[in-house]
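The structure appears below as structure tokens.
No experiment lies behind these values; they were computed from the predicted model shown. Within every chain, numbering begins at 1; the chains are lettered A, B, ... in the order of the sequence lines, protein sequences first and strands thereafter.
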Protein chains: 2
Amino acid sequence: MTAIRGARERARSEITEAIKAEARAQLAAEGAAKLSLRAVARELGMASSALYRYFPSRDDLLTALIVDAYNAIGEAAERARDRCGAATASPVDRWTAICTGVRAWALAHPHEYALIYGSPVPGYRAPRTTTEPAARVGLALIGVVRDAHAAGALKEPAEPLPDPVVADALALGAELGIELPGTVLARLVGAWAQLFGLLSFELFGQFRNVIEARTEFFEQAALQLARSVGLTTPR
Amino acid sequence: MTAIRGARERARSEITEAIKAEARAQLAAEGAAKLSLRAVARELGMASSALYRYFPSRDDLLTALIVDAYNAIGEAAERARDRCGAATASPVDRWTAICTGVRAWALAHPHEYALIYGSPVPGYRAPRTTTEPAARVGLALIGVVRDAHAAGALKEPAEPLPDPVVADALALGAELGIELPGTVLARLVGAWAQLFGLLSFELFGQFRNVIEARTEFFEQAALQLARSVGLTTPR
DNA sequence: CCGAAGCAAGAGCACTGCTCTCGTTGGTGT
DNA sequence: ACACCAACGAGAGCAGTGCTCTTGCTTCGG
């Protein structure tokens, strides 16, 4: 894989990117269900059949967009964490920074969010390639807790958890090479899921006529989640 | 509206129900995006155009299914609550009973669950008729907490919440005619959203290779949510 | 320099939601 | 008893979709 690999491959990657960009634009405009290969091709001035040289099927295009979206939201989380002063900020601050960063991305890209955290597209099974980008937000959250644990700023939950849950959590920790108590890891998984529960309800309109001060509500809930995994506010 | 209103209207409601039943079957088989009016009509042995006498559009059919699904999951919640011994069971037990009842329904009807708690499919509009059925699960949860509060078995969270959040929560309580502290109501809304976050992650495959003991994990998380709204375990 | 591979385009298939126009039928007011 | 009208089912048809296949053209590598 040399840097310059001929004009052909450069054109190919350029066109691939253009297709994805146009598809993203349609996604933002109409949602995943209305994404049409023909419309993308039309907008790009090419025949619809030519598009199949780049993506074997509509689902493959969607898969590519899914991977991009996972990476984008993961990057949003990491940037939010790094920007809040990774060295100086307290673990709780870094946790909430990640949460608000993720929320900001989701609010800015609701259809892409729906693509990855909404209902799975019909008959679509997530390929192996999506699992790694999908983990980035979770890994960012775990990282904060791991650092807090290393710094002795973690209060392990007193309450015991069911054995199978702790076993799963420890297996997960081993797979990731993370040294954390099983109870903390289990709570982390729960907090991770609950974070996206809050986001999905907000984005999918379930909070309409229920909560209006959504930013304040979310930040308070994120803080609560930080507590639930054992992060403590240094005072 | 007499009881017997002619064969015509009886036939109409029967056919309407048959259409919904067949649509639900297709939903369970293939998912919402693949639901086809023509296929429903074909299966029912009628012309596709005849179907439009009963539902003006595909989205209207989906809306009807959404309302049904909300009612079904709400009823599942209420039945789970009532079956666990509403009079004798502790508030925490009733809370977790509702949660597990909701989960059981969701696992049994994943596509209908995705229809109501996944990405909004039909171009983003929730008619007024859906809001009331949509609230049933939340109301069941609120009811448990209200009863616990009346019985003096509620420990109000000590931590203060942002004013706008409390104001929204109190407005919500007033609208529902529920006497509960603002902090508790706000936490309830959060717990409600987080409950469905857990469910969505499980149903949409986000826990694959992460948590295997999903039942135990869920019940522990539900218990945790009960605590977060102030329910206490009597000993 | 030539063959092979990559590429774009067009026609075409089977399908979709939806509309319109027919002939028919059932319930109702006179 | 009759006539009328609204509801009804069926069929044809329109515009759109994902996808396949065939046909030429361009570019690259030996």
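- Look at Tyr54(B) and you'll find a side-chain N or O under 4.0 angstrom from OP1 or OP2 of dG9(D).
- Comment: Lys20(A) does not engage Glu22(A) in a salt bridge, judged by the lack of any side-chain N to carboxylate O separation of less than 4.0 angstrom.
- Residues meeting the ring-ring contact (aromatic ring centres under 6.0 Å, His included) test with His109(B), sequence neighbours left out: Trp105(B).
- Comparing dT17(D), dG18(D), dC18(C) by their nearest atom to the side chain of Leu37(A) picks out dG18(D).
- Judged by distance alone, the side chains of Tyr52(A) and Ser57(A) never bring a donor and an acceptor atom under 3.5 Å apart.
- Between the CZ atom of Arg53(A) and the C1' atom of dT23(D) there is a distance of 11 Å, rounded to whole Å.
- Under 3.5 Å, the side chain of Ser49(A) and the base of dA9(C) form at least one donor-acceptor pair of N or O atoms.
- Closest to the Arg58(A) side chain, of the nucleotides dG18(D), dG9(D), dG10(C), is dG18(D).
- With the 3.5 Å cutoff on both pairing distances, Watson-Crick and G-U pairs in DNA chain C assemble into runs of at least 3 at C:1-30 with D:1-30.
- A salt bridge between Arg103(A) and Glu202(A) is present, with a side-chain N of the basic residue lying under 4.0 Å from a carboxylate O of the acidic one.
- Against DNA chain D, the stretch residues 12-23 of chain B makes heavy-atom approaches under 4.0 Å through Arg12(B), Ile15(B).
- Note on Leu51(B): nothing from the nucleic acid sits closer than 4.0 angstrom, heavy atoms only.
- Regarding contacts with the backbone of dA14(C), every side-chain N or O of Arg42(B) stays at 4.0 angstrom or more from both OP1 and OP2.
- Considering only side-chain N and O atoms, Ser36(A) lies under 4.0 angstrom from the phosphate OP1 or OP2 of dT17(D).
- Within a 6.0 Å sphere centred on CZ of Arg136(A), heavy atoms belonging to other residues, nucleotides or ligands number more than 12.
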